[in-house]
Amino acid sequence: MEIKRSFMTAPESQPAQHATQPLPRTLTRDLGQHDAQTVRLQGFLHARRDLGGVQFAVLRDVSGLAQCVGSGLHLPLPESSVEVVGTVRAHPKAPGGYEVQVSEFRVLSAAVQASPLEIPKMEWNVNPETMLDYRYVSLRGLKERAALRVQAELVRAFHQHLDAEGFTEISTPKIVSAGAEGGANLFKLDYFGEQAYLAQSPQLYKQIMVGVFERVYEVAPVYRAEEHATSRHLNEYLSLDVEMGFIDSEEDVMDLENRLLGSIMVHLKQSCAAEFTLLGATLPDVLPRIPRIPLMEARELVNREYGHVVGGKDLDPEAERLLCQYYAEKEGTDFVFVTRYPRAARPFYAYPEPGGELTRGFDLLFRGIEITSGGQRINEYEMLMTSIADYKLNPESLAGYTEVFKYGMPPHGGFAIGAERLTARLLGIANVRYARAFPRDRNRLTP
RNA sequence: GGUCUGGUAGUGUAGCGGUUAGCAUAUCUGCCUGUCACGCAGAAGGUCGCGGGUUCAAAUCCCGUCCGGACCGCCA
């Protein structure tokens with residue numbers, strides 16, 4: 001297809017002045033700093049209104065929107081990439097107080113087809129499925145991109161905080177020969193004729209790397225071949241993984257996550273205020289010490305306070321919601337750690353408490369949903385082999401996992417945060433799919 | 001995988017045995033010099049998710065199937 005470039009000059013405009021020295025690009029958010037000056041904007045044609053003798057073009061760039069006014073303009077289809085040169089004017093009728101009086105309007109790349117979604121109106125009503133079917137354009141919507149922007153800043157804060165605490169970023173294989181937590185739920189892969197899998201967790205590798213750098217983290221996708229159909233599961237999600245050595249107990253790990261979340265929220269407050277306003281979301285307070293309640297006490301609490309009896313060995317989703325409701329009302333916190341999970345609810349490498357029934361594993365609940373699982377890990381070879389026997393697992397199939405523990409692994413523990421879950425809860429997004437650009441679920445492999 | 005619920009122009013929806021399948025918006029054409037969900041006039045745009053059945057007649061009723069949403073199991 002041919003890409004048309006058109007160049008139009010409004011009748012009353014001055015001759016182009018940047019033949020030798022191109023005008024630097026100005027972002028829409030900075031218009032106010034250029035009052036009465038000539039600026040060059042680039043962006044997408046967010047909206048157009050042609051009144052005959054005057055045309056309004058709302059231009060969208062990474063920083064926001066700007067209204068451009070001209071006459072004699074032929075406006076291409078919305079979403080076309082365009083460039084505008086014009087004079088900034090304070091105008092009482094302009095959104096934001098400033099607009100650009102167009103002298104040159106250039107189409108950099110015209111849309112050849114109308115957008116399937118009306119980007120400016122998307123926040124009114126679009127079916128969820130449609131939002132994902134046309135993800136390549138729906139992401140251009142102000143609210144959609146705001147969510148991903150927040151997530152990017154969240155990840156940035158994760159890096160910054162851990163770097164400041166002496167952690168080293170690692171990168172572990174996503175193509176693996178076996179799962180860290182057993183063989184189920186793994187996507188199979190043909191690796192030059194050998195059976196391979198997509199990693200469901202960097203668990204083993206981050207533990208190995210504790211033996212190298214003592215404190216490590218990784219930001220990477222993980223893969224779960226579970227055919228669940230819920231608003232909080234993805235088959236590919238971004239895992240924010242942390243592991244630290246030379247700890248006294250899992251309390252040290254929770255302390256770290258507590259500080260980390262505090263930093264993340266401070267960073268988001270500074271960097272994403274506009275996004276939170278746009279999405280009508282509020283940042284949580286992170287208490288200096290997030291409450292920690294043993295699982296059995298949590299089960300008793302929701303029974304006592306709300307008459308909800310939990311079956312099974314963990315908390316069910318309703319119990320997670322009620323527990324969070326309780327702590328929000330009584331202690332003013334949106335976060336709560338649930339600790340001392342029984343061995344039956346944790347993997348074989350969870351560090352057992354003396355007595356053998358419970359582990360040093362914990363979950364972190366945030367606004368009604370589990371966003372983290374973590375704990376202290378078994379670091380001694382003999383204890384690990386005993387645990388594997390207790391779980392009735394085959395030591396041979398776990399040989400790849402256990403090998404490193406022959407070589408003096410320090411006491412250590414860690415956790416993983418589901419980035420989309422945290423983002424979704426933070427922003428009031430009901431389904432984690434919309435906290436990811438291109439979600440993968442049971443029935444979606446494209447776009 | 002289970003329960004409940006829903007699939008109708010690009011998008012969002014109305015219609016729920018007989019309609020030319022209606023409306024809004026987007027798109028196209030014409031008009032319009034301050035719009036901001038601009039306005040006015042017109043045009044084009046539909047295998048009513050798919051398959052089968054009942055009926056003189058099915059978007060509409062029945063069965064199956066695929067897909068979506070909510071909740072559950074499981075997890076981050």
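Naming convention: chains lettered A, B, ... in sequence-line order (proteins, then strands); numbering from 1 in each chain. A quick note: this is a predicted structure, and the numbers were derived from the prediction, not measured.
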According to the side chain to side chain donor-acceptor pair (under 3.5 Å) rule, which pairs have a member within residues 147-163 of chain A, sequence neighbours left out? A/Arg149-A/Glu153, A/Gln151-A/Thr423, A/Glu153-A/Arg156, A/Glu153-A/His267, A/His159-A/Glu169, A/His161-A/Glu165, A/His161-A/Ser263, A/Asp163-A/Tyr217

Could you name each residue pair satisfying side chain to side chain donor-acceptor pair (under 3.5 Å) that touches residues 300-309 of chain A, not counting sequence neighbours? A/His308-A/Asp316

Give one of base, sugar-phosphate or nothing for [X], where a contact means two heavy atoms less than 4.0 Å apart.
{"X": "A/Ser239", "answer": "nothing"}
{"X": "A/Leu77", "answer": "sugar-phosphate"}
{"X": "A/Pro120", "answer": "nothing"}

By salt bridge (Lys or Arg N to Asp or Glu O under 4.0 Å) - contacts of [X] (at least two apart):
{"X": "A/Lys93", "result": "none"}
{"X": "A/Asp314", "result": "none"}
{"X": "A/Glu118", "result": "A/Lys121"}

When rounded to whole Å, the NE2 to C1' distance for the pair A/His233 and B/rG69 reads 17 Å

Which atoms of nucleotides 64-66 of chain B (N or O only) lie under 3.5 Å from a protein N or O atom, and what are those distances?
none

Below 4.0 angstrom, which residues in residues 128-144 of chain A have at least one non-hydrogen atom near RNA chain B? A/Glu129, A/Thr130, A/Tyr134

Check if the side chain of A/Arg442 and the base of B/rC67 share a donor-acceptor pair of N or O atoms closer than 3.5 Å. no

Scan nucleotides 42-51 of chain B nucleotide by nucleotide, 5' to 3', and note B when protein non-hydrogen atoms come under 4.0 Å of the base, S if they reach only the sugar-phosphate, - if neither. ----------

Once base and sugar-phosphate atoms are separated, protein heavy atoms under 4.0 Å mark nucleotides 31-41 of chain B, 5' to 3', with B, S and - as -BSBBB-B---

A/Tyr434 vs A/Ala416, nearer the 5' end of RNA chain B by closest nucleotide: A/Tyr434

When you measure from the side chain of A/Val126, which nucleotide among B/rC71, B/rG1, B/rG12 comes out closest? B/rG12

When you check the phosphate oxygens OP1 and OP2 of B/rU13, does a side-chain N or O of A/Asn127 lie under 4.0 Å from one of them? yes

Stem ranges of RNA chain B by first residue number, counting only runs of at least 3 Watson-Crick or G-U pairs under 3.5 Å, come to B:1-7 with B:66-72, B:10-13 with B:22-25, B:27-31 with B:39-43, B:49-53 with B:61-65

Using ring centroids (six-membered ring only for Trp), state whether A/Phe348 and A/Tyr401 fall under 6.0 Å. yes

Any salt bridge (Lys or Arg N to Asp or Glu O under 4.0 Å) involving residues 44-73 of chain A? Give me the pairs, sequence neighbours left out, ordered by first then second residue. A/Arg60-A/Glu79

Pairs in or reaching into residues 423-441 of chain A: which pass salt bridge (Lys or Arg N to Asp or Glu O under 4.0 Å), with residues at least two apart or in two chains? A/Glu236-A/Arg436, A/Glu420-A/Arg436, A/Arg433-A/Asp441

